[in-house]
Amino acid sequence: MLLITTLSGCKNVTQRANTTDTWHKIKNRGTVIIGLDDSFVPMGFREKNGKLVGYDIDLARAVFKRLGLKVSFQTIDWSMKETELRNGTIDLIWNGYTKTKAREKTVAFSHAYLKNDQVLVSKKKNKINVAKDMTDKILGLQSGSSGYSEFNQEPQILKKYVKQSVQYDTFTNAFLDLNNNRIQGLLIDSVYANYYIAHEKDSSSYNVSNIGFPSEDFAVGMRKGDKTLKAKINHVLAQLAADGTLNKITQKWFGVNDSVSFKDVK
């Protein structure tokens with residue numbers, strides 16, 4: 001009986017997430033709640049003084065300023081992000097969240113707004129330039145990341161060479177182990193890798209290799225039932241792209257424009 005009740009409860013929660021449009025609830029509340037990993041530089045992270053900053057922080061605030069809503073950022077366990085969304089603890093996943101076919105089965109996505117790649121980061125002294133160079137070596141991955149998914153879904157690219165993989169809660173901890181040679185490679189988002197390495201004192205000691213994983217798009221994740229919220233986010237993202245605000249934010253954090261076309265968004 002307990003098992004049946006539990007399964008029924010899970011089904012009801014999922015059904016609500018897939019069918020309920022919560023826009024009026026969010027609008028009446030006056031605040032939208034965004035879940036994030038607050039250590040994911042430069043998308044959303046805390047400075048030494050504790051202030052939350054980042055590309056996605058700036059973009060989310062710009063979007064909801066135009067929609068007349070405040071934004072509350074809630075730190076979550078990244079491996080539990082879809083569960084938090086489905087349960088209603090958060091309204092959106094907006095933190096370098098990659099749009100994938102697997103995730104589209106349970107999550108609705110906004111129009112993509114930024115390009116990304118999965119890259120292999122290593123120390124130059126280890127002379128790792130291609131996937132095969134990871135033969136019999138240890139690889140670091142973040143739990144619940146798109147890199148972790150790609151690593152397992154495309155084993156012919158990298159997994160077949162690796163002796164062992166280690167999962168981390170944050171990329172920050174993974175970099176600590178990479179620097180201390182406890183792992184020899186780290187599969188990571190290029191936006192994180194490039195920003196993190198550029199701000200390291202010994203940035204020239206790292207090697208970043210694109211080893212063949214397909215390019216990705218970052219998008220905002222939401223419940224499938226939130227069709228109104230999705231339409232409004234897409235509309236404002238298109239406005240920000242058209243008036244140059246999106247490019248300004250991208251230039252601020254990356255120095256280049258890696259945003260995507262919004263010409264098909266009305």
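Positions are given from 1, in the same order as the sequence printed here. Keep in mind it's a predicted model, so treat the numbers as computed, not measured.
In this structure, D56 contributes its side chain and G96 its backbone to a donor-acceptor pair below 3.5 Å. With hydrogens and angles ignored, the 3.5 Å screen pairs no side-chain donor or acceptor of R46 with any backbone N or O of D38. Although no hydrogens or angles enter the test, the distance criterion places a donor-acceptor pair under 3.5 Å between the side chain of N116 and the main chain of S190. Looking only at distances, a side-chain donor or acceptor of N152 sits under 3.5 Å from a matching main-chain atom of Y148. Distance alone, capped at 3.5 Å, is enough to place a donor-acceptor pair between the K81 side chain and the W78 backbone. K252 places no side-chain N or O within 3.5 Å of a backbone atom of D58 that could act as its donor or acceptor partner. Judged by distance alone, with hydrogens and angles left aside, the side-chain atoms of N126 form no donor-acceptor pair with the main-chain N or O of I128 at under 3.5 Å. A side-chain donor-acceptor contact under 3.5 Å links D21 to the backbone of W23. Under a 3.5 Å cut-off, the side chain of N234 and the backbone N or O of H111 do form a donor-acceptor pair. No donor-acceptor pair under 3.5 Å is formed between the side chain of N87 and the backbone N or O of T89.
The structure places NE2 of H199 at 11.5 Å from CG of N194, a figure rounded to the nearest 0.5 Å. Of the inter-residue distances, the one linking Y206 atom OH with Y196 atom OH reads 5.5 Å to the nearest 0.5 angstrom. Here the OH-CG distance, from Y55 to L114, works out to 4.5 Å after rounding to the nearest 0.5 Å. Atom OG1 of T22 sits about 10.0 Å away from atom NE2 of H24, to the nearest 0.5 Å. Annotation: the span from F213 atom CZ to Q153 atom CD amounts to 10.0 Å, rounded to 0.5 Å. S122 contributes atom OG, which lies 5.5 Å from atom CG of L120 (distance to the nearest 0.5 angstrom).
Closest approach of V191 to P42, counting heavy atoms only: O-CD, 3.2 Å. For K105 against K224, the heavy-atom pair with the smallest separation is O-CE, 3.3 Å. Across every non-hydrogen atom of S215 and D117, the tightest pair is OG-OD1, 2.8 Å. Considering all non-hydrogen atoms of both residues, I188 and A193 come closest at CG2-CB, 3.8 Å. Closest of all the heavy-atom pairs between Y168 and A174 is CD1-CB, 3.6 Å. In terms of heavy-atom proximity, G221 sits nearest to V107 at CA-CG1, 3.7 Å.
Counting only heavy atoms from C-beta outward, the side chains of T98 and D189 approach each other to under 4.5 Å. In this structure, the side chains of L139 and Y161 stay at 4.5 Å or more apart for every pair of heavy atoms. Put simply, the side chain of S146 reaches to within 4.5 Å of the side chain of E216, judged on heavy atoms. You'll find the side chain of I33 stays beyond 4.5 Å of the side chain of L92, heavy atoms only. Counting heavy atoms from C-beta on, the side chains of V41 and Y192 come closer than 4.5 Å. Residues T245 and R66 have side chains in contact (heavy-atom distance under 4.5 Å, counting atoms from C-beta outward). At a threshold of 4.5 Å between non-hydrogen side-chain atoms, the residues T250 and Y113 do not count as touching. Two residues are said to be in side-chain contact when any heavy atoms from C-beta on lie closer than 4.5 Å; I34 and I93 fail this criterion.
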- Begin from the C-alpha positions of F175 and V121 and carry the test side chain to side chain contact (heavy atoms under 4.5 Å, CB included) through to its verdict. CA-CA 9 Å; F175 262 104; V121 176; 4.1 Å; yes

- Worked verdict on F109 versus Y97 for ring-ring contact (aromatic ring centres under 6.0 Å, His included): CA-CA 10 Å; F109 283 92; Y97 190 43; 5.2 Å; yes

- Task: Mind running side chain to side chain contact (heavy atoms under 4.5 Å, CB included) on K232 and T228 for me, showing each step along the way?
- Result: CA-CA 6 Å; K232 289 183 178 294; T228 303; 3.7 Å; yes

- Verdict with reasoning, K124 to S205, per side chain to side chain contact (heavy atoms under 4.5 Å, CB included): CA-CA 6 Å; K124 282 185 178 178; S205 70; 5.7 Å; no

- Message: The test is side chain to side chain contact (heavy atoms under 4.5 Å, CB included); show your working for E200 and N179 and say whether it passes.
- Response: CA-CA 11 Å; E200 286 286 276; N179 292 335; 4.2 Å; yes

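Connection of F73 to L85 is not established within any shared hydrophobic cluster, with ILVMFWY side chains joined at heavy-atom distances below 4.5 Å, either directly or through further cluster members.
Under the 30°/60° scheme for interplanar angles, the aromatic rings of F64 and W94 are found to stand perpendicular.
Salt bridge status for R29 with D91: present, with a side-chain N to carboxylate O gap under 4.0 Å. Salt-bridge annotation for D202 and K123: present, with a side-chain N of the basic residue lying under 4.0 Å from a carboxylate O of the acidic one. A salt bridge does not link K25 to D226: none of the charged nitrogens lies less than 4.0 Å from a carboxylate oxygen. A salt bridge does not link K99 with D217: none of the charged nitrogens is closer than 4.0 Å to a carboxylate oxygen. Salt bridge absent: K127 and D133 never bring a charged side-chain N and a carboxylate O closer than 4.0 Å.
A side-chain donor-acceptor contact under 3.5 Å links S209 and N207.
Tested against F45 for a side chain to side chain contact (heavy atoms under 4.5 Å, CB included), the candidates T172, T170, V53, I57 yield a single pass: V53.
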